[in-house]
Colleague: 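Structure below; questions to follow.
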Amino acid sequence: MSVDTETVRRIAHLARIAVKEEALEPMTGELNTILGWVEQLGEVNTDGVEPMTSVVDAKLRWRQDEVTDGNYPERVTGSAPDGDDGFFTVPKVVE
Amino acid sequence: MTEFTKLTMAEARDGLKAKDFTSVELTEAHVSAMEAARVLNCFVTETAERALMQAQKSDEKLQSGTGGPMEGLPLAIKDLFCTDGVQTTASSHILEGFVPRYESTVSSNLWRDGAVMLGKTNLDEFAMGSSNETSYFGNVINPYRRPGDETPLVPGGSSGGSSAAVAARLALGATGTDTGGSIRQPAAFTGIVGIKPTYGRCSRWGIVAFASSLDQAGPMTRTVQDAAIMLGSMAGYDPKDSTSVDRPVPDYEKALTGDVKGLKIGVPKEYRVDGMPSEIEALWQRGIDWLKDAGAEIVDISLPHTKYALPAYYIVAPAEASSNLARYDGVKYGLRHDGKDIVEMYEQTRAAGFGAEVQRRVMIGTYVLSAGYYDAYYLKAQKVRSLIAGDFKSVFEKVDAILTPTTPSAAFGAGEKSDDPLSMYLNDVFTVTGNLAGLPGISVPAGVDGQGLPLGLQVVGKPFDEEMVLRVADVIEKAAGPQAAPQEWWKA
Amino acid sequence: MVEGVSKMGETTNSNLLQGVTGDWEVVVGMEIHAQVQSKAKLFSGASTEFGAEPNANVSLVDAAMPGMLPVINAYCVEQAVRTGLGLKAKINLRSIFDRKNYFYPDLPQGYQISQFKDPIVGEGEVIVDMPDGISFTVGIERLHLEQDAGKSIHDLHPSKSYVDLNRSGIALMEIVSKPDIRSSEQAAAYLRKVRAIVRYLGTCDGNMEQGSMRADVNVSVRRPGDPLGTRCEMKNINSMRFVQQAIDYEAMRQIEIIEAGGTIDQETRLFDSRNGETRTMRSKEEAHDYRYFPDPDLLPLEFDQAWVDEIAAGLPELPDDKKARFISDLGLSPYDASVLVSEKARAEFFEEVAAGRDAKLAANWVTGEFFGALNKSGLGIDETPISAGQLGALVDLISDDTISGKIAKQVFEIMFETSEDPAKIVEDKGLKQVTDTGAIEAAIDEIIAANPDKVAEYKEKPKMFGWFVGQVMKATQGKANPKAVNDILKAKLDG
Ligand SMILES: [Mg+2]
Ligand SMILES: [Zn+2]
């Protein structure tokens, strides 16, 4: 499978990265080089093999239902590039 | 007078305990060294003032005999660890100026034990790289040079600022993180020791995430003993990290018995890759001989899926990264570039905030997870990963540890590989398997190449058998003998 | 025991919609988001309390600060299992948390932790009673745990949206139905039933106004018997009424398009409650590509059957079982039983009234006068001016002949107005039933003496008996014991 510039444009949008028109072509080439190389995995017979879902051989631990955190709005919004009145603010989202 | 920066961590610790000198003296010497070596670009942020304050406090504790196991020892912290009140950037423009209001568990553990922070070290942006050439804050320069040649060499990556700082004697040790070799490969390139512990041994809480199922923190030091000391402080169970494992931290220094008699050391035939330089072959053979001489039994083993580790890694790691890096969106912290609407704001912010390699990997990761491709790429890679982990599992029924070279070459010149991602990725061919399988691995300096540049040998162990890995590495280190320190050309 | 259960997907003709060219069937599937009633969030220790200052109930984890990691709340897992059991569904002993990736300002991580391929709860079913006495079954596809998003506010500033993350990370149970619903009324009834179940279980407060329960509604139309049509989804509808309006509007919109020769585009539509219409939000082409994959920060969620059994053993009686018991043990009519169990608070109120008393009489009073009065005054059962104990006391006064049923209605009206105890009202107003036969006899004698013409008429027309009863009751202000009046009157007139 190889990608064309249209696909790269779509992926860039999915990833929310602006790509300049003139950069699409070279980026397509780079991605195809890498994708072509990883496709050697196709040689490996993985029939009946379970995918790795966790690296550690342990059970997921559960915490108790207690309020142990929060209540520091200034730490939450303090680093925001833009905000007002305790809220984060962003360019208006129209639905 | 003691040359403070020439001390190992163990020597410094013992000297402080014996009150031969103070932490302030020790710290001042390292601060001066750090300031004199700015041309190496090891640090994104220097915290000299804080270091001296911490050192003063340590001296009080040392005086009263209440010092911790790392009391008063000046360290460098990779700028991927969030540090309360100190800028944390991941060497990315998108996080420039970000000052966390929290401290990573691993660095907290170090401060709990009395360590002193000199500053935050440079790295490949978001830990994506093997040469420290993708940092927004510029390349790090390897303190080693080819003889008679001023070409700047790369310090390896992504923990290149840490490796260079330790090699140049700017810090007694440094923290690193290893996702595909990012502790071990730079350690090998700069003639120091670096250990990636078992996945789950050190908490990931408060470390900027690259690929969550692969990331693991570890120490970078000049000796195996120092690595043992520092790992003992960094490691431990953390209820805030669901993948942290609840088991006691052994006294790693005690594991350095110098005795490998009767141990079975596996040598995997698949690591003899095409075009491997003869000096790497020779290095590996030397390692084999040293261990044999020390009474270990060498066992030929096979890890049949080794060849597929790197391509599997370059699906899994970018996929996880594409999701982990989605939070850098210009809303909550870090950089924002405005746009006419929310989508354009996201796209401009992320285009401006991420460098080329990060963008490339986010693109790959987004693609392999996207509708219609998940099974062919991500699922396939995770299955191959199971096979690779299975290879190790069956081999470890027969051997106690595995010996391989750390890297397929010594440090290369800046810019030599940066245009060719694939040849850059090949740097991690021997180390990435340990990340995929979650196993502990160490790189220990074991000699030099034809040009006098450092080379490392890697010891890989069973899950949570860091003690074995350290024990074998310690024997190799002793057998290899003292390694030449870099010429301090940057002081001239 | 449920009567009138129709098979899944089967429809009665009354559900069909009339188009210009013939009949249409509407097919509805629902995704209900029910907020788990936990103190802390699903993966962080921040509070879930409603109504806090902006960004106060937010931890560094919820704000997606670099390096923050999720740790799961045990209570939320337990509540999901309880709810699954309440939906008679398969509980999966191993499930996986996945990341659902998309960019939105109220989604700080850039992904929602949810469950995609392996949810905690699998297939189940819900039996829904309709007001006409017919029941139908809705298949449950799955229930999974996921994080809620924050809140974007769009009307505080001309060019900016404001983001509050207080809700970000709160545990939600997403309950996905099969497309087994055939009308907007059925949809509302299904939603009401699910709400009743979670309230019985105590796993969700079901409060739609505060957003603790929301529904995504999938609507398509087809000719009866045809395969499924193309569906449109309307997200985040937060009232029963809006669910019905949205389905009604959307079904007619789709029918009109098809009848005019058009086709339906699969899309996400927005329901506008101001005008009751739906409009395009996102077409299939612009649909998200969520790039689901297992969250590497978490391990698989595992527990054993013994733990599930323990939870099952501790479940409260659920509406269906309660209804069956009301019918078989208490002798209630199926209709009364289903009205009483439809809400946990109603059933609890009734059971308190009925405890140790004539259950049928209690049921009549609860479903008749009491629900009627609540309805008329627009009060919820939690706002009732009289307690179950007080209503029970009223039933006691009827049972022991202290007052008649008719007087009881007067007493009830006063109770509802003043919240006073019935005994006190009866005492104060002197409403006690007259059982003194001497007094009744005297009244009867007086009436007979005053109305010789009526007595003569009675000999011809025994139906006149009722007139005499009325006169006696009038003379005793309704307080005479009706049975005594009947007996004495009969003896005097016939004798
Ligand atoms: Mg949904
Ligand atoms: Zn959902």
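Just so it is clear, the structure is predicted and the values come from calculations on it, not from any experiment. Labels below follow one simple rule: chain letters A, B, ... track the order of the sequence lines, proteins then strands, and each chain is numbered from 1. Scope of the values below: all heavy atoms of this structure, side chains included, with no hydrogens, waters or symmetry mates.
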Colleague: Looking at OG1 of Thr53(A) and CZ of Arg385(B), how far apart are the two atoms once the value is rounded to the nearest 0.5 Å?
Modeller: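 With rounding to 0.5 Å, OG1 (Thr53(A)) is 10.0 Å from CZ (Arg385(B)).
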Colleague: Just so I know, are the side chains of Val3(A) and Tyr367(B) near enough to count as touching, which here means a heavy-atom distance under 4.5 Å?
Modeller: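 Yes, at least one pair of side-chain atoms sits under 4.5 Å.
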Colleague: Minimum heavy-atom separation for Val56(A) to Thr243(B), with atom names?
Modeller: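 Closest approach of Val56(A) to Thr243(B): CG1-O, 3.9 Å.
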Colleague: If you count heavy-atom pairs under 4.5 Å between each of Thr366(B), Ile388(B), Leu379(B) and chain A, which one has the most?
Modeller: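 Of the candidates given, the most pairs with chain A belong to Thr366(B).
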Colleague: Among the options Gly339(B), Ser244(B), Ala326(B), Pro239(B), pick out the one with the most heavy-atom pairs lying under 4.5 Å from chain A.
Modeller: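 Ranked by heavy-atom pairs under 4.5 Å with chain A, first place is Ser244(B).
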Colleague: Do Arg75(A) and Pro100(B) have side chains that get closer than 4.5 Å, going by heavy atoms?
Modeller: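 No - every pair of side-chain heavy atoms lies 4.5 Å or more apart.
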Colleague: What do you reckon, is CD of Gln64(A) surrounded by more than 12 foreign heavy atoms closer than 6.0 Å?
Modeller: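 No.
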Colleague: Do you know which of Ile11(A), Thr77(A), Asp82(A), Asp57(A) has the most heavy-atom pairs under 4.5 Å to chain B?
Modeller: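 Looking at each of Ile11(A), Thr77(A), Asp82(A), Asp57(A) in turn, Ile11(A) comes out on top.
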Colleague: Between CG of Leu422(B) and CD1 of Ile34(A), what distance do you get to the nearest 0.5 Å?
Modeller: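 Rounded to the nearest 0.5 Å, the CG-CD1 separation comes to 6.0 Å.
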Colleague: Nearest 0.5 Å, please: how far is OG in Ser242(B) from NZ in Lys59(A)?
Modeller: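 Rounded to the nearest 0.5 Å, the NZ-OG separation comes out at 13.5 Å.
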Colleague: Say you draw a straight line from CZ of Arg61(A) to CG of Asp241(B); how long is it, rounded to the nearest 0.5 Å?
Modeller: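 Those atoms lie 7.5 Å apart.
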Colleague: At a 4.5 Å cut-off on heavy atoms, which part of Tyr199(B) comes close to chain A: side chain, backbone, both, or neither?
Modeller: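 Looking at Tyr199(B), backbone and side chain both touch chain A.
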Colleague: Could you tell me if the side chain of Tyr377(B) sits less than 4.5 Å from the side chain of Leu41(A), heavy atoms only?
Modeller: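 Counting from C-beta outward, Leu41(A) and Tyr377(B) never come under 4.5 Å.
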Colleague: Side chain from CB out, backbone as N, CA, C, O: work out which of these in Ser54(A) comes under 4.5 Å of a heavy atom of chain B, or both, or neither.
Modeller: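 Neither part.
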Colleague: Identify the two heavy atoms, one from Ala18(A) and one from Ala351(B), that lie closest to each other, and give their separation to 0.1 Å.
Modeller: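 In this case the closest contact between Ala18(A) and Ala351(B) is O-CB, 3.3 Å.
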Colleague: Return the CG to CG distance between Leu369(B) and Leu14(A), rounded to the nearest 0.5 Å.
Modeller: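 The distance works out to 10.5 Å.
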Colleague: For each of Gln348(B), Lys340(B), Arg350(B), tally heavy-atom pairs with chain A at distances under 4.5 Å, and name the one with the top tally.
Modeller: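 When all of Gln348(B), Lys340(B), Arg350(B) are compared, Arg350(B) has the most.
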Colleague: Name the option with the most non-hydrogen atom pairs under 4.5 Å to chain A; the candidates are Tyr425(B), Tyr308(B), Tyr333(B).
Modeller: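 Heavy-atom pairs under 4.5 Å are most numerous for Tyr308(B).
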Colleague: Is a salt bridge present between Lys383(B) and Glu50(A), judged by a nitrogen-to-oxygen distance below 4.0 Å?
Modeller: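 Salt bridge between Lys383(B) and Glu50(A), a charged N being under 4.0 Å from a carboxylate O: no.
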Colleague: Val55(A) and Gly438(B): which non-hydrogen atoms are nearest, and at how many Å?
Modeller: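 Shortest heavy-atom separation between Val55(A) and Gly438(B) comes out as CG1-CA, 3.5 Å.
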Colleague: In terms of heavy-atom pairs under 4.5 Å with chain A, which of Gln382(B), Glu347(B), Arg336(B), Lys307(B) leads?
Modeller: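 Among Gln382(B), Glu347(B), Arg336(B), Lys307(B), the one with the most close pairs to chain A is Glu347(B).
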Colleague: Name the region of Ile342(B), side chain, backbone, both or neither, that has any atom closer than 4.5 Å to a heavy atom of chain A.
Modeller: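 Contact with chain A is through both the backbone and side chain of Ile342(B).
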Colleague: If you take all heavy atoms of Val44(A) and His305(B), which pair is closest and at what distance?
Modeller: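 Scanning both residues completely, I find the closest heavy atoms to be CG1-CD2, 4.0 Å.
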Colleague: Minimum heavy-atom separation for Gly330(B) to Pro81(A), with atom names?
Modeller: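 For Gly330(B) and Pro81(A), the tightest heavy-atom pair comes out as O-CG, 3.4 Å.
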Colleague: Give a yes-or-no answer on whether the side chains of Lys332(B) and Ser79(A) include a donor-acceptor pair shorter than 3.5 Å.
Modeller: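 On atom types as modelled, these side chains do not qualify, holding no pair under 3.5 Å.
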Colleague: Might you work through the side chain to side chain donor-acceptor pair (under 3.5 Å) test for Tyr328(B) and Arg16(A), ending with a clear yes or no?
Modeller: CA-CA 10 Å; Tyr328(B) 308 104; Arg16(A) 295 293 186 271; over 6 Å; no
Colleague: If you count heavy-atom pairs under 4.5 Å with chain A, which of Gly200(B), Ala312(B), Gly390(B), Gly97(B) comes out on top?
Modeller: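 Greatest number of close heavy-atom pairs with chain A: Ala312(B).
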Colleague: Heavy atoms, side chains only, cut-off 4.5 Å: are Gln359(B) and Met27(A) in contact?
Modeller: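 Heavy-atom side-chain distance check passes, below 4.5 Å.
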Colleague: Measuring heavy-atom distances to chain A, does Asp420(B) have an atom under 4.5 Å in its side chain, in its backbone, in both, or in neither?
Modeller: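 Asp420(B) has no heavy atom closer than 4.5 Å to chain A.
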Colleague: Which answer fits Leu60(A), side chain, backbone, both or neither, if we ask what part of it has an atom under 4.5 Å from a heavy atom of chain B?
Modeller: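 Only the side chain of Leu60(A) comes within 4.5 Å of chain B.
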Colleague: Going by heavy atoms in the side chains, are Lys92(A) and Asp341(B) under 4.5 Å from each other?
Modeller: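 No, their side chains stay 4.5 Å or more apart.
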Colleague: Where on Ser370(B) is there a heavy atom nearer than 4.5 Å to chain A: the side chain, the backbone, both, or neither?
Modeller: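 Side chain only.
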Colleague: Below 4.5 Å from any heavy atom of chain A, which atoms of Leu436(B) appear? Answer side chain, backbone, both or neither.
Modeller: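 The answer is the backbone of Leu436(B).
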Colleague: Heavy-atom distance under 4.5 Å between the side chains of Met52(A) and Val316(B), does that happen here?
Modeller: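 Side-chain contact under 4.5 Å: no.
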Colleague: Could you go through Met363(B) and Leu31(A), starting from their C-alpha distance and side-chain angles, then the distance that decides it, and tell me whether this counts as side chain to side chain contact (heavy atoms under 4.5 Å, CB included)?
Modeller: CA-CA 8 Å; Met363(B) 291 286 289; Leu31(A) 296 190; 4.1 Å; yes
Colleague: Any non-hydrogen side-chain atom of Thr46(A) less than 4.5 Å from a side-chain atom of Lys380(B)?
Modeller: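 Contact flag for Thr46(A)/Lys380(B) side chains = yes.
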Colleague: Indicate the atoms forming the closest heavy-atom contact of Met345(B) with Pro91(A), along with that distance.
Modeller: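 Smallest interatomic distance, heavy atoms only, reads CB-CG, 3.9 Å.
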Colleague: Is there side-chain contact between Tyr346(B) and His13(A), with heavy atoms separated by less than 4.5 Å?
Modeller: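 Answer no - side chains too far apart.
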Colleague: At a heavy-atom separation under 4.5 Å, does Val8(A) approach chain B through its side chain, its backbone, both, or neither?
Modeller: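 Both the backbone and the side chain of Val8(A) come within 4.5 Å of chain B.
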